[in-house]
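This report concerns only the one structure given below.
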Amino acid sequence: MNTISTRTLHQSASKHWFIKMSLPLLLLTAMILAPYANASAISADSSRAQRDTANRIHAIQRDLTSIRQQALQANPELIAQSKKLEEKFQQKAEEIGYEPGEFITKAQEIQQQVQDQSLSEKERSELIKEFTVAKQKMTQQRRAIIADKELMAMQDQLQQDMVMAMQAHDPKTEKLIDELNRLIEAIQ
């Protein structure tokens with residue numbers, strides 16, 4: 001097994017996990033700031049090459065997801081390992097008060113209030129500050145989760161075991177991972 005691609009997939013998976021954990025924050029930030037932005041999420045003038053690259057990334061991700069699901073079915077111990085990681089994560093989240101659902105609800109409330117045309121700029125500014133404080137709290141909580149060495153070690157081990165199972169199930173896994181990493185680097 002190529003350690004560079006394994007490390008790259010591992011890093012990619014860690015990024016994926018972090019992105020998954022950050023998604024509520026990113027989506028709500030975009031919702032709050034949407035009235036102040038003139039650009040859409042996907043620029044109308046995106047080049048065909050960028051769209052083709054994005055489409056290929058999505059296709060590779062679908063292929064890897066399928067391979068992953070098949071590897072999980074063939075290796076039930078990975079499912080148990082994954083559940084154990086999820087339980088540890090939930091325990092840590094409860095320990096530090098990490099509640100993304102609560103944050104999402106609060107952010108949606110603030111978004112509705114910010115869009116109220118009768119608000120003064122000062123009131124609107126205070127709501128945005130309130131959102132910023134909540135966002136910073138959530139960021140600190142995510143950092144605390146990521147700083148948990150035992151949790152991260154469990155995640156790292158699961159990722160390594162998953163990659164090995166995927167490669168054993170489908171030899172094209174490594175090629176797909178390499179291509180995905182190249183494409184992601186190209187669009188960054």
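The basis for the numbers below is simple: all heavy atoms, side chains too, and nothing from hydrogens, waters or symmetry mates.
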> Considering all heavy atoms of both residues, which atom of Ile145 and which atom of Phe89 are nearest to each other, and what is their separation?
Replying inline: CD1-CE1, 3.6 Å

> With side chains defined as the heavy atoms from C-beta onward, is the minimum distance between Gln81 and Leu85 less than 4.5 Å?
Replying inline: no

>> For the backbone of Ile187 and the side chain of Gln50, can you confirm whether one donor and one acceptor N or O come within less than 3.5 Å of each other?
In response: no

> Got a sec, which pairs hit salt bridge (Lys or Arg N to Asp or Glu O under 4.0 Å) with one end in residues 96-108, sequence neighbours left out?
Replying inline: Lys106-Glu130

> Ala107 and Phe131: which non-hydrogen atoms are nearest, and at how many Å?
Replying inline: CB-CE1, 3.7 Å

Extract all donor-acceptor atom pairs below 3.5 Å that involve side chains of residues 64-80 and protein atoms in other chains or at least two apart in sequence.
unit_1, atom_1, unit_2, atom_2, d
Thr65, OG1, Gln61, O, 2.8
Ser66, OG, Gln70, NE2, 3.2
Gln70, OE1, His169, NE2, 2.5
Asn75, ND2, Ala71, O, 2.7

>> Checking side-chain polar atoms at under 3.5 Å, does Gln90 have a donor or acceptor matched by the opposite partner on Glu86?
In response: yes

>> For the CG atom of Leu127 and the NZ atom of Lys122, what is their distance to the nearest 0.5 Å?
In response: 12.5 Å

> When rounded to the nearest 0.5 angstrom, what is the spacing between CG in Asp156 and CG in Leu151?
Replying inline: 9.5 Å

> Hey, is Lys92 close enough to Glu95 for a salt bridge, meaning N to O under 4.0 Å?
Replying inline: yes

>> Looking at Glu87 and Lys84, is there a salt bridge between them, counting it only when a charged N and a carboxylate O are closer than 4.0 Å?
In response: no

> Of all heavy-atom pairs between Ser82 and Leu158, which one has the smallest distance, and what is that distance?
Replying inline: CA-CD2, 3.8 Å

>> I need the Asn181 CG to Leu176 CG distance, nearest 0.5 Å.
In response: 11.0 Å

>> Rounded at 0.5 Å granularity, tell me how far CG in Leu183 sits from CG in Asp178.
In response: 11.0 Å

>> Under a 3.5 Å distance rule, please check whether Arg142 uses its side chain to pair with a backbone N or O of Tyr98 as donor and acceptor.
In response: no

>> Checking Lys129 now: which residues fulfil side chain to side chain contact (heavy atoms under 4.5 Å, CB included) with it, not counting sequence neighbours?
In response: Ser125

>> Is there a side-chain contact (heavy atoms from CB on, under 4.5 Å) between Gln160 and Met164? Walk through the geometry before answering.
In response: CA-CA 6 Å; Gln160 290 172 8; Met164 288 183 357; 5.6 Å; no

> Would a 4.5 Å heavy-atom cut-off, applied to side chains only, mark Met152 and Asp148 as touching?
Replying inline: no

>> Using 0.5 Å steps for rounding, measure from the CD atom of Glu185 to the CG atom of Leu180.
In response: 10.0 Å

> Quick one: CD1 on Ile177 to CZ on Arg182, what's the gap to the nearest 0.5 Å?
Replying inline: 12.0 Å

